[in-house]
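Beneath this line is the structure, given in structure tokens, with notes to follow.
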Number of protein chains: 2
Amino acid sequence: MATKSPDAQSLLTPAEVAALFRVDPKTVTRWAKAGKLTSIRTLGGHRRYPEDEVRQLLAGIPQQRS
Amino acid sequence: MATKSPDAQSLLTPAEVAALFRVDPKTVTRWAKAGKLTSIRTLGGHRRYPEDEVRQLLAGIPQQRS
DNA sequence: CAGGAATAGGGTAATTTGGGAC
DNA sequence: TTTGTCCAAATTACCCTATTCC
């Protein structure tokens, strides 16, 4: 194939996010359920998390909190 | 160098769809087999996926709550 | 036609989901 | 209030070879 979209890797797996935050994948799932993390689901039901959002959270940027 | 049209991206290859969903190309094939994705087959048996459908799935999956 | 890269297919291991409880 | 771990089931990832695509 020739047409390669510039946007390739922008989603992270639960294990990736969990490793980044040093928590269990289960905890990441809870964050997604609580609406603290934007989650995109695969057709099989697994979640994928935007890398941009995770990076912001990792950097300590409060989203909208007093 | 493959001949690519400037604005004729109607079908995506398994690798493209896999990159968009951050999954394995094999997984995309399973989605097609399961009927979750509309698949167009080439004469040789390779699958091709409509970009419109893929993008809609990426952005508009019915959000499932616990 | 030849060649490199990608894809299909099957099978097995690893990960993820979901809920409830401590 | 939040996090980690238990369970069972489903989904996904990686291994291989042959075929197809450009």
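Each chain gets a letter, A, B and so on, in the order its sequence line appears, and its residues count up from 1. FYI, side chains are in, hydrogens and waters are out, and symmetry mates aren't considered; it's all heavy atoms of this structure.
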Any chance you could encode DNA chain C as dot-bracket? Rule is Watson-Crick or G-U wobble with both distances under 3.5 Å; [ ] for pairs crossing earlier ones, | for another strand.
..||||||||||||||||..||
May I ask you to verify if any side-chain N or O of [X] is less than 4.0 angstrom from the OP1 or OP2 atom of [N]?
{"X": "B:Thr29", "N": "C:dA8", "result": "yes"}
{"X": "A:Thr27", "N": "D:dT2", "result": "no"}
{"X": "B:Trp31", "N": "D:dT11", "result": "no"}

With the threshold set at under 4.0 Å for non-hydrogen atoms, list the residues of residues 16-24 of chain A touching DNA chain C in residue-number order.
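Heavy-atom cutoff 4.0 Å gives no residues at all.
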Stretch residues 32-43 of chain B: residues that reach within less than 4.0 Å of DNA chain C through a heavy atom
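Within this stretch, B:Lys33, B:Arg41 sit under 4.0 Å of the strand.
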If I take atom [atom1] in residue [X] and atom [atom2] in nucleotide [N], what distance separates them, rounded to the nearest angstrom?
{"X": "A:Leu11", "N": "D:dA13", "atom1": "CG", "atom2": "P", "answer": "12 Å"}
{"X": "A:His46", "N": "C:dT17", "atom1": "NE2", "atom2": "P", "answer": "6 Å"}
{"X": "A:Arg48", "N": "C:dT16", "atom1": "CZ", "atom2": "P", "answer": "8 Å"}

Starting at CG of A:Leu43, measure out to CG of B:Leu37 and round the result to the nearest 0.5 Å.
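It comes to 5.5 Å.
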By side chain to side chain donor-acceptor pair (under 3.5 Å) - contacts of A:Thr38 (at least two apart)
A:Glu53
Under 3.5 Å, sequence neighbours excluded: what are the donor-acceptor pairs made by side chains of residues 11-31 of chain A?
from	atom 1	to	atom 2	distance (Å)
A:Thr13	OG1	A:Glu16	N	3.4
A:Thr29	OG1	A:Pro25	O	3.1

One pair to check against side-chain contact (heavy atoms from CB on, under 4.5 Å): A:Glu51 and A:Gln56. What are the steps and the verdict?
CA-CA 9 Å; A:Glu51 186 180 11; A:Gln56 277 194 345; over 6 Å; no
Could you pull out all residues at least two apart from B:His46 that satisfy side chain to side chain contact (heavy atoms under 4.5 Å, CB included)?
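Partners of B:His46 by the side chain to side chain contact (heavy atoms under 4.5 Å, CB included) criterion, ordered by chain and then number, come out as B:Thr42.
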Using nucleotides 20-22 of chain C, report all nitrogen or oxygen pairs with the protein that are shorter than 3.5 Å.
from	atom 1	to	atom 2	distance (Å)
C:dA21	N6	A:Arg30	NH2	3.4

